[in-house]
Q: 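One structure follows; several queries about it will come next.
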Amino acid sequence: MHPVRVILWTVAMAYTGFLLTGQGLRTFNSLSSTEAFLGALTGFSLAIMFTLRERRRQRPGLVAYSIEQIFPNWGMSRENRGSPPKPKR
């Protein structure tokens, strides 16, 4: 995982949660610490989500082969399935 992304998202969302309490820096009580903790938890979750999304976009798709390559005898009748497929002309 990208540690810089995790740190930035966690700190930024913790600070945002602290600011959303509407209290100044002089009044640091349980409400502001709870909001900062919930913001940090949200930021950590977002960092993990974005990292996993980036990894998912880098790998190839779920089906990398055509159906004809996976099931070469798909359209054949049961009698002809033992023989190799005929080349297309």
Side-chain angles (χ1 to χ4, degrees):
M1 210 181 318
H2 300 121
V4 175
R5 180 181 289 172
V6 172
I7 292 170
L8 288 178
W9 272 102
T10 305
V11 170
M13 292 303 286
Y15 184 65
T16 303
F18 176 75
L19 289 179
L20 287 175
T21 59
Q23 301 173 0
L25 291 174
R26 296 175 189 238
T27 57
F28 193 78
N29 55 14
S30 64
L31 177 66
S32 58
S33 62
T34 302
E35 291 294 326
F37 174 74
L38 289 176
L41 190 63
T42 304
F44 185 72
S45 300
L46 284 172
I48 290 173
M49 182 183 70
F50 288 139
T51 303
L52 292 176
R53 180 178 179 223
E54 181 181 344
R55 286 185 185 170
R56 187 175 63 239
R57 287 183 173 228
Q58 288 176 354
R59 68 178 185 207
L62 181 63
V63 178
Y65 304 102
S66 69
I67 292 294
E68 292 177 357
Q69 291 175 338
I70 296 172
F71 301 111
N73 297 326
W74 183 262
M76 294 183 171
S77 64
R78 292 188 184 265
E79 295 83 27
N80 295 335
R81 286 194 181 178
S83 60
K86 295 178 183 176
K88 295 180 181 179
R89 293 182 187 192

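Reckoned from all heavy atoms, side chains included, excluding hydrogens, waters and symmetry mates.
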Q: For Ala40, check side-chain contact (heavy atoms from CB on, under 4.5 Å) against everything at least two apart and list the hits.
A: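 Counting only residues at least two positions away or on another chain, Ala40 forms a side-chain contact (heavy atoms from CB on, under 4.5 Å) with Thr10, Ala14.
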Q: Taking side chain to side chain contact (heavy atoms under 4.5 Å, CB included) as the criterion, tell me which of Leu46, Leu52, Thr51 meets it with Met49.
A: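 The residue from Leu46, Leu52, Thr51 that satisfies side chain to side chain contact (heavy atoms under 4.5 Å, CB included) with Met49 turns out to be Leu46.
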Q: From Ser32 OG over to Leu19 CG, what is the distance, rounded to the nearest 0.5 angstrom?
A: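 The OG atom of Ser32 sits 11.0 Å away from the CG atom of Leu19.
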Q: If you count the non-hydrogen atoms of other residues, nucleotides and ligands that lie under 6.0 Å from CZ in Phe50, is the total more than 12?
A: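 Yes.
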Q: Minimum heavy-atom separation for Thr42 to Met13, with atom names?
A: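 What the structure gives for the nearest pair is CG2-CE, 3.9 Å.
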Q: List for me each residue that meets side-chain contact (heavy atoms from CB on, under 4.5 Å) alongside Leu41, sequence neighbours excluded, and say none if there are none.
A: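 If we apply the side-chain contact (heavy atoms from CB on, under 4.5 Å) test to Leu41, skipping adjacent residues, there are no hits.
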Q: Compare every heavy atom of Ala47 with every heavy atom of Trp9, then report the nearest pair and how far apart it is.
A: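 Heavy-atom minimum between the residues: CB-CB, 3.9 Å.
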Q: Using the side-chain contact (heavy atoms from CB on, under 4.5 Å) criterion, which residues pair with Leu38? Sequence neighbours excluded.
A: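 With sequence neighbours excluded, Leu38 shows a side-chain contact (heavy atoms from CB on, under 4.5 Å) to Thr34, given in chain and number order.
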